[in-house]
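We number each residue from 1, following the sequence as shown.
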Amino acid sequence: MTDYGEEQRNELEALESIYPDSFTVLSENPPSFTITVTSEAGENDETVQTTLKFTYSEKYPDEAPLYEIFSQENLEDNDVSDILKLLALQAEENLGMVMIFTLVTAVQEKLNEIVDQIKTRREEEKKQKEKEAEEAEKQLFHGTPVTIENFLSWKAKFDAELLEIKKKRMKEEEQAGKNKLSGKQLFETDHNLDTSDIQFLEDAGNSVEVDESLFQEMDDVELDDDEDGPDCNPADPDSDLTD
């Protein structure tokens, strides 16, 4: 008969010795603990890290332990999902044997792969940016090749914009014509205009001054049409202007 308790205690002692800086006991009944796993440093010293939590089931190692991601750093959601799938697969393959070391080792290798993937992804992003910059520079110097399709598209857009400008101008001119009134329209519109002249004369009547001296000498002037005889012709030099 298998002594599950003894196998579990022996494995705990071994794990504490293997991972002295990252092994932490959370509880003794049921046995529960965490192990922090960190990847190797990448090209720019970046690392990814996860803390795994394990809890022994009653019949471990004939049953798989309970496990979860207790915490993580610099991991994407899909990375966390991949790690959980990896733990499930390794636990299934190692039933009947103490397996925590095997599970942790598998996760360690996975974290190293993730760091390599980060490096590869950054290199691809760098190449893509360089390619886009090169294409943009080519477009700057060469422009867009003219084809029948893009010319017709540009022509249709240009004609539509030109038509809108003409419509706007015609509308403005029409509106300006409506706003300009004739003299008759002004007279009919403003009823004050028909009394303005009368009012002006009334206002001026009390202030108009007449120079009477202009008429003083006219009293001595006799206007007699009979003085000029019927034979008097001012235009005829032989006419007798005086008796």
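- Taking all atoms of both residues into account, the shortest heavy-atom contact from Leu111 to Leu75 is CD2-CD2, 4.1 Å.
- Under a cut-off of 6.0 angstrom, the local environment of CD in Glu113 is crowded, with over 12 non-hydrogen atoms contributed by other residues, nucleotides or ligands.
- In the model, Thr51 has a side-chain atom that pairs as donor or acceptor with a side-chain atom of Thr36 under 3.5 Å.
- Atom CG in Asn29 sits 7.5 Å away from atom OG in Ser27 (nearest 0.5 Å).
- Between Arg122 and Glu46 there is a salt bridge, since a side-chain N of the basic residue sits under 4.0 Å from a carboxylate O of the acidic one.
- By the neighbour-count criterion of 12 heavy atoms within 6.0 Å, atom CG of Asp77 is sparsely surrounded, having that number or fewer from other residues, nucleotides or ligands.
- In this structure the side chain of Gln49 never reaches within 4.5 angstrom of the side chain of Asn74, judged on heavy atoms.
- Of the possible donor and acceptor atoms, one in the side chain of Gln108 sits under 3.5 Å from a partner among the backbone N and O of Thr38.
- A donor-acceptor pair is defined here as one N or O able to donate and one able to accept, closer than 3.5 Å; such a pair exists between the side chain of Thr120 and the backbone of Asp116.
- Counting heavy atoms from C-beta on, the side chains of Gln8 and Pro31 come closer than 4.5 Å.
- Separation of atoms NZ (Lys53) and CD1 (Ile69) is listed at 12.5 Å; rounding is to 0.5 Å.
- Although no hydrogens or angles enter the test, the distance criterion places a donor-acceptor pair under 3.5 Å between the side chain of Asn112 and the main chain of Glu40.
- The one candidate from Glu132, Lys126, Glu130, Glu124 that meets the side-chain hydrogen bond (donor to acceptor under 3.5 Å, both in side chains) condition with Gln128 is Glu132.
- If you look at Phe33 and Phe23, their ring centroids are closer than 6.0 Å.
- Residue pairs satisfying the ring pair (Phe, Tyr, Trp, His ring centres under 6.0 Å) criterion with at least one member in residues 61-117, sequence neighbours excluded, are absent.
- When every heavy atom of Pro65 is checked against every heavy atom of Leu103, the shortest pair comes out as CG-CD1, 4.3 Å.
- Across all non-hydrogen atoms, the minimal contact from Thr50 to Ser71 is OG1-O, 3.2 Å.
- From Arg121, atom CZ reaches atom CD1 of Ile114 across 9.5 Å, with rounding to the nearest 0.5 Å.
- Atom NZ in Lys59 sits 14.0 Å away from atom CD in Glu7 (nearest 0.5 Å).
- No chain of hydrophobic side-chain contacts below 4.5 Å, direct or via other Ile, Leu, Val, Met, Phe, Trp or Tyr residues, connects Leu89 to Leu52.
- Side-chain heavy atoms closer than 4.5 Å link hydrophobic residues (I, L, V, M, F, W, Y) into clusters, and following such links, even through other members, never connects Leu26 to Val104.
- Here the side chains of Leu95 and Glu63 are not in contact, with every heavy-atom distance at 4.5 Å or above.
- The distance from atom CD1 of Ile100 to atom CG of Leu15, rounded to the nearest 0.5 Å, is 6.5 Å.
- Contact record, Ala64 with Ser57: O-OG, 3.4 Å, taken as the closest heavy-atom pair.
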Next item on the list: Output, in order, the C-alpha distance, side-chain angles, deciding distance and verdict of side chain to side chain contact (heavy atoms under 4.5 Å, CB included) for Leu66 and Tyr56.
Entry: CA-CA 6 Å; Leu66 302 177; Tyr56 286 149; over 6 Å; no

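- A heavy-atom distance below 4.5 Å is not found between the side chains of Val48 and Asp79.
- Looking only at atom types and distance, the side chain of Asn78 has no donor-acceptor partner in the side chain of Ser81 under 3.5 Å away.
- Between the side chains of Tyr60 and Glu11, at least one donor N or O sits under 3.5 Å from an acceptor N or O.
- Counted within 6.0 Å of CG on Leu162, heavy atoms from surrounding residues, nucleotides or ligands total more than 12; the atom is thus considered enclosed.
- Side-chain contact check for Val80 versus Gln72: some heavy-atom pair is nearer than 4.5 Å.
- The distance from atom CG of Asp3 to atom CG of Asn10, rounded to the nearest 0.5 Å, is 9.0 Å.
- Cluster membership for Ile148 and Phe151, using ILVMFWY side-chain heavy atoms within less than 4.5 angstrom, is shared.
- Ile165 and Leu163 fall into different hydrophobic clusters, defined by Ile, Leu, Val, Met, Phe, Trp and Tyr side-chain heavy atoms under 4.5 Å apart, directly or through other members.
- Between Val37 and Tyr19 the shortest side-chain heavy-atom distance does not fall below 4.5 Å.
- For the pair Thr47/Val115, no side-chain contact is recorded, criterion being any heavy-atom separation below 4.5 Å from C-beta on.
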